[in-house]
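Below is one structure; the comments refer to it alone.
Numbered from 1 within each chain, the chains take letters A, B, ... in sequence-line order.
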Amino acid sequence: MRLATWNINSIRARLDRALAFVERSGVDVLALQETKCKDDQFPREPFEQLGYEVVTSGFSQWNGVAILSRVGLADVEVGFPGQPTFGDPGVVEARALGATCGGVRVWSLYVPNGRDLADPHYAYKLDWLARLRDQAGQWLADDPGLQAALVGDWNIAPLDTDVWDLEFFAGKTHVTPAEREAFRAFAEAGWTEVSREHVPAEHTYTYWDYQQLRFPKNQGMRIDLTYATPALAARVTGVSIERVERKGKTPSDHVPVVLDLAD
DNA sequence: ATGACGACTGGAAGTCGA
């Protein structure tokens, strides 16, 4: 089975690219983030014509997650139990969507950005991660043989070598000790970040800002990551960061990460 | 070429991303 995750940065603006990727990569399951549209605006039909089931959780122009699957799509959950709200009145944002596809529990995740260390979004980000970690730990405790993956845009660069210049990020989000600890906590809860195991090369990025010629200069960040349960991690035979998808006209600023799983 | 930010909404300029 082939499973991919991609922050698409608007599914409507990049429908053709998404369809082309699905066809050339032959993914069985595709988790999308930043779809940037309401559920009734999501272009389901072209994917359904290719044999995929589609489930979405969107809200107007911000956030939005989706899962496409041609190996079944069951037990959909919009948001994870205990997912923090933001704002007053509090809103559960469209950042987490779970479904079971081909026997694997898949969560498409768009972790809050954080914006600035003094911004309320930063505390929200840390709380969001802590609550998700609590759930993830419970899921695994309840079923040690669980096959599950937490995929998506974590908005954290776990290692110094996951950014091109640590000095550039001094005082900024994505690299703070608190964010990195929030990320490591999933490993302490028994999960394994499998893309690192299979693609260990330093300065291998999944995101490049549109500005400042970041992509031609290869000034990016590795922030699209996959935590797997032990049972699923054992099935991963390879991981591919699809850098080619950052090239050409109107790309997303993120590229897909593809996981191959043994049957 | 991989080349100097892009998508959204509203209908201009502001918000958001990281």
[atom1] spacing across the pair [N] / [M], given as an integer number of angstrom:
{"N": "dC5(B)", "M": "dA18(B)", "atom1": "C1'", "answer": "12 Å"}
{"N": "dG10(B)", "M": "dG6(B)", "atom1": "P", "answer": "23 Å"}
{"N": "dG17(B)", "M": "dG11(B)", "atom1": "C1'", "answer": "23 Å"}
{"N": "dA4(B)", "M": "dC8(B)", "atom1": "C1'", "answer": "22 Å"}

Give one of base, sugar-phosphate or nothing for [X], where a contact means two heavy atoms less than 4.0 Å apart.
{"X": "Thr173(A)", "answer": "nothing"}
{"X": "Phe59(A)", "answer": "nothing"}
{"X": "Arg214(A)", "answer": "nothing"}
{"X": "Gly114(A)", "answer": "nothing"}
{"X": "Arg14(A)", "answer": "sugar-phosphate"}

[X] [atom1] - [N] [atom2] separation (whole Å):
{"X": "Gln61(A)", "N": "dG14(B)", "atom1": "CD", "atom2": "P", "value": "16 Å"}
{"X": "Tyr122(A)", "N": "dG17(B)", "atom1": "OH", "atom2": "P", "value": "16 Å"}
{"X": "Glu93(A)", "N": "dC16(B)", "atom1": "CD", "atom2": "C1'", "value": "12 Å"}
{"X": "Asp224(A)", "N": "dG17(B)", "atom1": "CG", "atom2": "C1'", "value": "13 Å"}
{"X": "Asp162(A)", "N": "dA18(B)", "atom1": "CG", "atom2": "P", "value": "16 Å"}
{"X": "Tyr207(A)", "N": "dG6(B)", "atom1": "OH", "atom2": "P", "value": "12 Å"}
{"X": "Lys217(A)", "N": "dT2(B)", "atom1": "NZ", "atom2": "C1'", "value": "13 Å"}
{"X": "Lys36(A)", "N": "dC5(B)", "atom1": "NZ", "atom2": "P", "value": "16 Å"}

Of Pro216(A) and Phe169(A), whose closest DNA chain B nucleotide lies nearer the 5' terminus?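 Residue closer to the 5' terminus by nearest nucleotide: Pro216(A).
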Which residue lies more 5' along DNA chain B, comparing Ala13(A) with Asn155(A) via nearest heavy atoms: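 The 5'-side residue here is Ala13(A).
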Lys/Arg cation over aromatic Phe168(A): Arg214(A), 6.0 Å, 45° cone: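 Positive - Arg214(A) is close enough to the ring of Phe168(A) and near enough to its axis.
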Just say parallel, tilted or perpendicular for the rings of Tyr227(A) and Phe186(A), cut-offs at 30° and 60°. parallel
Side chain of [X] - closest among [options]:
{"X": "Gln41(A)", "options": "dA7(B), dG17(B), dT9(B)", "answer": "dT9(B)"}
{"X": "Tyr210(A)", "options": "dA18(B), dA7(B), dG6(B)", "answer": "dG6(B)"}
{"X": "Trp62(A)", "options": "dC8(B), dA4(B), dT15(B)", "answer": "dT15(B)"}
{"X": "Lys247(A)", "options": "dC8(B), dT2(B), dG17(B)", "answer": "dT2(B)"}

Less than 4.0 angstrom between a side-chain N/O of [X] and OP1 or OP2 of [N], yes or no?
{"X": "Ser60(A)", "N": "dC8(B)", "answer": "no"}
{"X": "His254(A)", "N": "dA18(B)", "answer": "yes"}
{"X": "Arg115(A)", "N": "dA18(B)", "answer": "no"}

Check the side chains of [Y] and [X] for a donor-acceptor pair under 3.5 angstrom, ignoring hydrogens and angles.
{"X": "Arg235(A)", "Y": "Gln147(A)", "answer": "yes"}
{"X": "Asp134(A)", "Y": "Gln138(A)", "answer": "no"}
{"X": "Glu34(A)", "Y": "Asn9(A)", "answer": "no"}

Can you tell me how far apart CZ (Arg12(A)) and CZ (Phe42(A)) are? Round to the nearest 0.5 Å.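 Going from CZ on Arg12(A) over to CZ on Phe42(A), the span is 11.0 Å.
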